[in-house]
Amino acid sequence: MKAVIRGTVCAIALVAALTGCGSDGGTAAVGNGGGVGSGSGGGKGKASGPLTAEQLRSALPTGTDLGRNYKAENEPAVAIGGEEARKHCAETTGATCEGLVAAGAAEINHARRREGKAEFSLFSFDSPKAATAAMKSLADKKRAAIEPTPTPVEVQAGANETDAFGNNRVTAVTMRVDSVLVYVWAVEIEVDEAKAAAKLQVDRLKAVHGGH
């Protein structure tokens with residue numbers, strides 16, 4: 001399970017390294033260490049169009065944002081754009097991810113549960129329709145992979161669409177916020193904490209997009 005939860009962040013970081021962060025290859029990499037989107041403020045980069053890699057990075061939460069139950073120090077959030085981002089999206093969601101603009105992820109460790117973690121994945125598309133298609137594909141893929149069989153979880157986070165489910169170990173929340181697919185994957189944390197994490201992510205996305 002630990003390998004699964006680390007997969008998104010590590011995969012994006014690997015793509016960024018292989019493509020030469022922000023080189024002429026067309027892939028922009030975003031992280032804490034500088035360059036594009038090195039800040040963590042949720043209000044940066046407001047725009048009316050599809051969110052870029054820089055804006056996704058700004059929207060991703062930190063351990064400090066989640067509160068005292070989470071470690072403040074975690075691996076840096078990352079985000080990429082271009083064709084490599086689309087390929088990563090397709091591998092993650094099982095959809096073609098046509099119209100994908102950028103992808104980003106952050107992993108935050110729980111401070112009181114040794115195996116407790118929350119992973120946030122964002123996929124920005126050029127239209128809400130494309131984001132919905134990827135969301136449905138992702139939800140189907142994750143629901144089929146979780147054992148024991150998950151049951152529905154009611155989440156009211158302010159998203160346009162939500163499909164959430166889980167069991168006694170994991171909670172998966174897939175959402176669409178405008179043209180962004182949001183995926184929150186929580187392991188070994190309380191369901192209410194997973195719901196709060198989903199709400200926080202939606203709020204940060206709306207702040208970046210400039211539309212509460």
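These numbers were taken from a predicted model, which means no experiment stands behind them.
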Salt-bridge present (K117, E188; N to O < 4.0 Å)
no
A side-chain contact here means heavy atoms from C-beta on lying under 4.5 Å apart; do P50 and S124 qualify?
yes
Inter- and intrachain pairs under salt bridge (charged side-chain N to carboxylate O under 4.0 Å, His left out), touching residues 121-139, at least two apart
none
Salt bridge present between E190 and R113 (N-O < 4.0 angstrom):
yes
Counting distance only, does the side-chain N/O of N160 pair as donor-acceptor with the main-chain N or O of D178 below 3.5 Å?
yes
With sequence neighbours left out, the residues meeting side chain to side chain donor-acceptor pair (under 3.5 Å) with T162 are none
Heavy atoms only: give me the nearest A85-A103 pair and the separation to one decimal.
CB-N, 4.1 Å
Between atom CG of N109 and atom CG of N69, what is the distance when rounded to the nearest 0.5 Å?
13.0 Å
Interatomic distance, CZ@F125 vs CG@L51, rounded to 0.5 Å, equals 12.5 Å
Does M135 reach the side chain of T93, with side-chain heavy atoms less than 4.5 Å apart?
no
As an exercise, state the distance from CD of E83 to NE2 of H88, rounded to the nearest 0.5 Å.
13.5 Å
Output the distance between atom SG (C97) and atom CG (L181), rounded to the nearest 0.5 Å.
8.0 Å
Kindly write out the residues that satisfy side-chain contact (heavy atoms from CB on, under 4.5 Å) with A157, not counting sequence neighbours, or none if the list is empty.
V155, M175, A198, K199, V202
Closer than 3.5 angstrom, by distance alone: can the side chain of Q201 be matched with the main-chain N or O of A59 as a donor-acceptor pair?
yes
Would you say CD of E98 has more than 12 non-hydrogen atoms from neighbouring residues, nucleotides or ligands within 6.0 angstrom?
yes
Residue set satisfying side-chain contact (heavy atoms from CB on, under 4.5 Å) with A139, at least two apart, ordered chain then number -> R143, D163, F165, T174
Closer than 3.5 angstrom, by distance alone: can the side chain of S137 be matched with the main-chain N or O of A133 as a donor-acceptor pair?
no
Any heavy-atom pair between the side chains of Y183 and V173 that's under 4.5 Å?
no
Scanning both residues in full, the closest heavy-atom pair of A159 with V177 reads CB-CG2, 4.0 Å
I'd like to know if the side chain of R68 reaches the main chain of A111, judged simply by a donor and an acceptor atom lying under 3.5 Å from each other, with no hydrogens or angles considered.
no
From CH2 (W185) to OG1 (T171), nearest 0.5 Å:
8.5 Å
Which of L122, V101, I80, V78 passes side chain to side chain contact (heavy atoms under 4.5 Å, CB included) with L56? It is L122
Check the pair F120 / E107 against side-chain contact (heavy atoms from CB on, under 4.5 Å), numbers first and verdict last.
CA-CA 6 Å; F120 300 82; E107 177 187 300; over 6 Å; no
Side-chain (K206) to main-chain (G158) donor-acceptor, under 3.5 angstrom
yes
If you round to the nearest 0.5 Å, how far is CG of D203 from CG of D65?
11.0 Å
Can you list every pair that meets ring pair (Phe, Tyr, Trp, His ring centres under 6.0 Å) and has a residue in residues 126-161, with sequence neighbours left out?
none
Residue list, ring-ring contact (aromatic ring centres under 6.0 Å, His included) with Y70, at least two apart or on another chain:
H110
Flag side-chain contact, heavy atom, 4.5 Å: T151 against N167:
no
